[in-house]
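All values below come from the heavy atoms of this structure, side chains included, with hydrogens, waters and symmetry mates left out. Note on naming: letters A, B, ... go to the chains in the order of the sequence lines (proteins, then strands), and numbering restarts at 1 for each one.
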4 protein chains.
Amino acid sequence: MALSKLIGGRVEETQAKRERRKEARPGELLDAALDLFVEKGFAATKSEEVAARAGVSKGTLFLYFPSKEELFKAVVRENISGRFQEWNQEFERFEGSSADMVRYCMKVWWERVGMTRASGITKLIISEARNFPDIAAFYQQEVIRPGQDLLRRILQRGVDRGELHVPDIEYAAYLITASMVFLIMGKHSLGACVPTDHPLDAERYLSCHMETMLRGLCTRPEDNDKGAGRNRK
Amino acid sequence: MALSKLIGGRVEETQAKRERRKEARPGELLDAALDLFVEKGFAATKSEEVAARAGVSKGTLFLYFPSKEELFKAVVRENISGRFQEWNQEFERFEGSSADMVRYCMKVWWERVGMTRASGITKLIISEARNFPDIAAFYQQEVIRPGQDLLRRILQRGVDRGELHVPDIEYAAYLITASMVFLIMGKHSLGACVPTDHPLDAERYLSCHMETMLRGLCTRPEDNDKGAGRNRK
Amino acid sequence: MALSKLIGGRVEETQAKRERRKEARPGELLDAALDLFVEKGFAATKSEEVAARAGVSKGTLFLYFPSKEELFKAVVRENISGRFQEWNQEFERFEGSSADMVRYCMKVWWERVGMTRASGITKLIISEARNFPDIAAFYQQEVIRPGQDLLRRILQRGVDRGELHVPDIEYAAYLITASMVFLIMGKHSLGACVPTDHPLDAERYLSCHMETMLRGLCTRPEDNDKGAGRNRK
Amino acid sequence: MALSKLIGGRVEETQAKRERRKEARPGELLDAALDLFVEKGFAATKSEEVAARAGVSKGTLFLYFPSKEELFKAVVRENISGRFQEWNQEFERFEGSSADMVRYCMKVWWERVGMTRASGITKLIISEARNFPDIAAFYQQEVIRPGQDLLRRILQRGVDRGELHVPDIEYAAYLITASMVFLIMGKHSLGACVPTDHPLDAERYLSCHMETMLRGLCTRPEDNDKGAGRNRK
DNA sequence: CATGAATGAGAGTTCATTCAT
DNA sequence: AATGAATGAACTCTCATTCAT
């Protein structure tokens with residue numbers, strides 16, 4: 001019995017391991033593909049490189065994805081965070097000031113997305129949008145719009161509670177997005193290849209951006225009122 | 001004499017025309033290449049497309065640029081604005097408030113770069129930086145650093161004149177850069193391929209960003225003082 | 001057991017067959033390339049032709065050789081006979097007369113090189129020397145010089161044994177080389193394309209050359225003594 | 001009158017000069033082409049190089065020769081010495097010994113062909129024969145055969161006069177040809193690109209070859225009679 | 001399932017040839 | 001006649017994709 005169990009155990013284990021590996025394959029391939037697409041772009045990334053980085057052979061890649069283009073789509077699909085649902089709830093329950101809410105929002109984004117490998121997807125989409133307009137539209141729909149909506153809702157809450165003065169909520173939400181985009185570009189583009197003596201400190205950058213947005217730069221706001229045409233009225 | 005003049009004129013004109021064509025070629029090719037590289041990326045752009053868009057045949061491209069890669073480098077070289085010298089002087093003579101100076105700075109950038117075809121170079125560099133690290137370094141050196149320096153000087157002037165309160169001048173300058181980067185990405189990436197019912201209005205965006213930066217969003221700044229760690233004072 | 005053996009046998013065979021094919025490829029390609037380079041020259045030979053003659057597709061060629069030029073170098077490397085070591089020994093043990101030794105030497109060369117496909121390499125090198133000077137130098141070093149050394153040693157032996165009278169051993173060795181060169185040119189150049197009613201009979205040619213060299217043409221050597229300048233005294 | 005004469009003179013002179021240059025053009029082009037074809041081969045020589053070496057522009061080349069291939073044919077045609085007629089007569093009148101006649105023949109060849117640029121044509125033909133079989137046949141017809149005939153006639157005269165013992169006149173003539181071929185290859189191939197400490201001394205080589213041929217190498221011809229199968233009976 | 005040798009369409013590049021000037 | 005800018009067929013080389021093993 002011990003023997004049969006051992007054998008059985010081994011077989012099962014082996015099978016399980018292989019299953020696990022087998023099931024892990026697509027994920028490993030997607031990770032490798034994400035990294036390489038972000039680094040070199042879609043066209044400049046060779047299928048074989050992706051396979052090699054995932055530790056499999058060229059042929060195996062095409063076992064899981066029918067073409068390089070489908071691999072690209074899967075990479076995007078895999079990395080769009082469908083987490084907005086969850087976040088929305090998180091923020092609906094938020095009790096602090098709106099300023100803290102904005103700060104918290106960025107902190108969460110940074111920790112769960114910006115800092116992680118997944119942030120590369122944004123650079124990838126931006127770089128490849130015009131070669132894959134349907135993917136771009138999909139990303140717009142699934143990631144950008146929900147994110148933008150969340151930010152708008154946060155700002156609206158601030159206005160509703162009388163904590164914030166936001167003349168143009170829609171575009172103000174873009175400011176926060178711009179922050180994220182800039183950080184991502186720093187991380188995955190120039191920052192990743194130009195050795196600087198002053199690498200961008202993400203948290204310092206975010207803090208600076210948030211605090212400036214929240215408080216403004218002018219010492220005496222009234223100095224600012226004569227601003228040219230396109231002032232907020 | 002009239003005759004000889006006429007003949008002379010024709011010859012000159014002829015020569016001039018040919019010369020003009022020959023001299024125009026590289027520029028036309030660079031323009032075509034910029035557009036296509038921005039749109040599709042370096043690797044996904046075919047040499048023949050570039051030639052076709054410039055109205056010449058494949059072979060002609062290689063008469064002017066020894067390789068696709070050299071064409072790329074030439075595109076970047078051609079489009080780095082060495083305008084900072086001139087801008088610096090412009091801003092040294094500026095007499096208005098620092099807030100207006102910031103506004104004016106963005107306006108100038110938008111009109112002379114952001115709005116023009118040349119803005120694409122930024123998207124191009126960001127997309128290709130890691131494939132052409134030396135080009136990226138060159139761009140960093142020749143465009144990013146001088147731009148950043150100019151912005152820092154403007155902010156410093158505001159601080160010196162007591163008009164601005166900027167705890168972290170270096171990173172505050174990045175905020176302005178982020179604005180530009182975001183606009184460019186909007187223009188050349190998603191914005192260029194995803195048909196939206198609300199296309200990004202650049203001037204509205206810039207205005208919103210500038211005014212928010214300058215004035216802040218909080219209604220009562222003191223509400224803001226309990227903000228997390230890296231607050232000013 | 002029979003079964004497992006059969007399976008084992010099959011697997012081995014399969015593997016072996018694939019291995020054999022893979023290992024055979026470079027050789028087949030080199031053979032095809034040699035023939036074509038000899039026939040048409042390096043520049044006029046298309047990669048695809050080489051591949052086709054080796055029975056594979058264009059792409060396969062570049063799986064084994066990184067470029068057409070590397071293929072050329074490999075062809076030369078593959079076809080330089082490092083046989084001089086072995087030949088030297090063979091001739092050290094030779095016991096007959098020096099005249100027979102010369103005859104034997106040519107016979108051996110003809111049978112092992114001149115008659116074979118490898119002889120083409122000489123025509124190839126001669127045709128391409130000035131386009132590939134380093135290859136030419138390599139050939140000079142590895143083939144010409146050792147061959148020349150061997151011939152000189154044979155003649156020296158004849159002089160030492162009192163069988164031959166050779167006033168200028170170095171240049172006399174060239175006479176034998178000239179014989180080989182002429183034959184090769186006949187075989188791979190004019191002779192291969194001009195249909196003659198009298199094709200060159202290699203053995204008759206070699207025999208004629210050797211015997212004439214050994215015996216001379218003059219009926220009464222003394223008639224010859226008034227010959228111009230550089231006569232043997 | 002002096003003036004008009006001067007002017008006239010100038011005009012005529014100018015015209016004449018231009019005419020002369022114009023008429024010289026094809027020749028200059030042929031010379032340039034010969035050099036380059038010999039050096040690099042037909043396929044590896046660019047038309048533009050030929051034009052440049054002749055001091056004209058690419059277009060001009062095609063004004064005189066309708067295609068690169070026609071240029072090649074013209075080069076060959078231009079450089080086949082139709083001098084055999086003249087040589088034949090020269091040798092018919094020759095009065096010395098046959099040995100001297102052979103020596104004289106080689107000397108003349110060396111001075112009028114071997115030493116000159118025209119010798120390259122032989123290397124060219126040998127290299128390209130199989131790409132241009134009709135040219136090769138033409139060369140065979142016009143150069144090789146007459147040369148061979150001349151040599152045969154010289155040897156025959158020696159036999160007729162009892163001065164030479166030539167069992168195989170046809171093939172013996174090849175020996176002399178081999179000499180020329182070897183020298184030309186030395187000059188235009190390896191010798192032209194491999195720097196040697198012992199460059200081939202053409203006259204020493206010719207002398208060695210001729211004297212050896214005439215006199216033989218064996219000290220006692222009778223030692224030679226037991227030679228292997230392929231002896232002359 | 002996994003492999004990697006083989007494929008061949010397609011991209012970059014060259015260069016003989018043309019033709020407006 | 002002479003030029004040299006322009007052309008595009010043809011060549012070298014790449015790489016996504018296939019398929020026998």
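- Spacing between atom CG of Leu29(A) and atom P of dA2(E) amounts to 10 Å, rounded to whole angstrom units.
- Each of Glu69(B) and Ser57(C) lies near DNA chain E, and the nucleotide nearest Ser57(C) is the one positioned closer to the 5' end.
- With hydrogens and angles disregarded, no donor-acceptor distance shorter than 3.5 Å links the side chain of Asn79(A) to the backbone of Ile121(A).
- The six-membered or imidazole ring of Phe42(C) lies near that of Phe132(C), with a centre-to-centre distance under 6.0 Å.
- Screening Thr45(B), Leu29(B), Asp31(B), Leu36(B) against Arg53(B) for a side chain to side chain contact (heavy atoms under 4.5 Å, CB included) leaves a single residue, Leu36(B).
- No donor-acceptor contact under 3.5 Å links the side chain of Lys68(A) to the base of dT17(F).
- If you find the closest nucleotide of DNA chain F to Leu63(A) and to Gly59(D), the one lying nearer the 5' end belongs to Gly59(D).
- Between Glu39(B) and Lys123(B) the shortest heavy-atom distance is O-NZ, 4.1 Å.
- Counting all heavy atoms, side chain and backbone alike, Tyr64(C) lies closest to Pro26(C) at CD2-CG, 3.7 Å.
- Looking at Lys73(D) and Glu70(D), a side-chain N of the basic residue comes within less than 4.0 Å of a carboxylate O on the acidic one, giving a salt bridge.
- Between the C1' atom of dG12(E) and the CG atom of Leu61(B) lies a distance of 10 Å, rounded to the nearest Å.
- Using a 4.0 Å heavy-atom cutoff across all strands shown, Tyr64(C) reaches sugar-phosphate atoms only and no base atom.
- For residues 30-56 of chain B, proximity to DNA chain E is found at Thr45(B), Lys46(B), Ser47(B), defined as any non-hydrogen atom under 4.0 angstrom from a strand atom.
- Contact between the side-chain N/O atoms of Thr60(D) and the OP1/OP2 oxygens of dT3(F) is found at a separation under 4.0 Å.
- Of the nucleotides present, dA2(E) is the one that pairs with dT21(F) by Watson-Crick or G-U wobble criteria, both distances under 3.5 Å.
- Counting only heavy atoms from C-beta on, Lys58(C) has its side chain closest to dA9(E) among dA5(E), dT3(E), dA9(E).
- Of the nucleotides present, dG12(E) is the one that pairs with dC11(F) by Watson-Crick or G-U wobble criteria, both distances under 3.5 Å.
- Here the closest non-hydrogen pair linking Val38(A) and Gly120(A) is CG2-O, 3.3 Å.
- Between dC1(E) and dT21(F), the two C1' atoms lie 13 Å apart (nearest whole Å).
- Nearest to the side-chain atoms of Phe62(A) among the listed nucleotides dA2(F), dA2(E), dA16(F) stands dA16(F).
- Remark: C1' of dA16(E) and CZ of Phe72(D) are 16 Å apart, rounded to the nearest angstrom.
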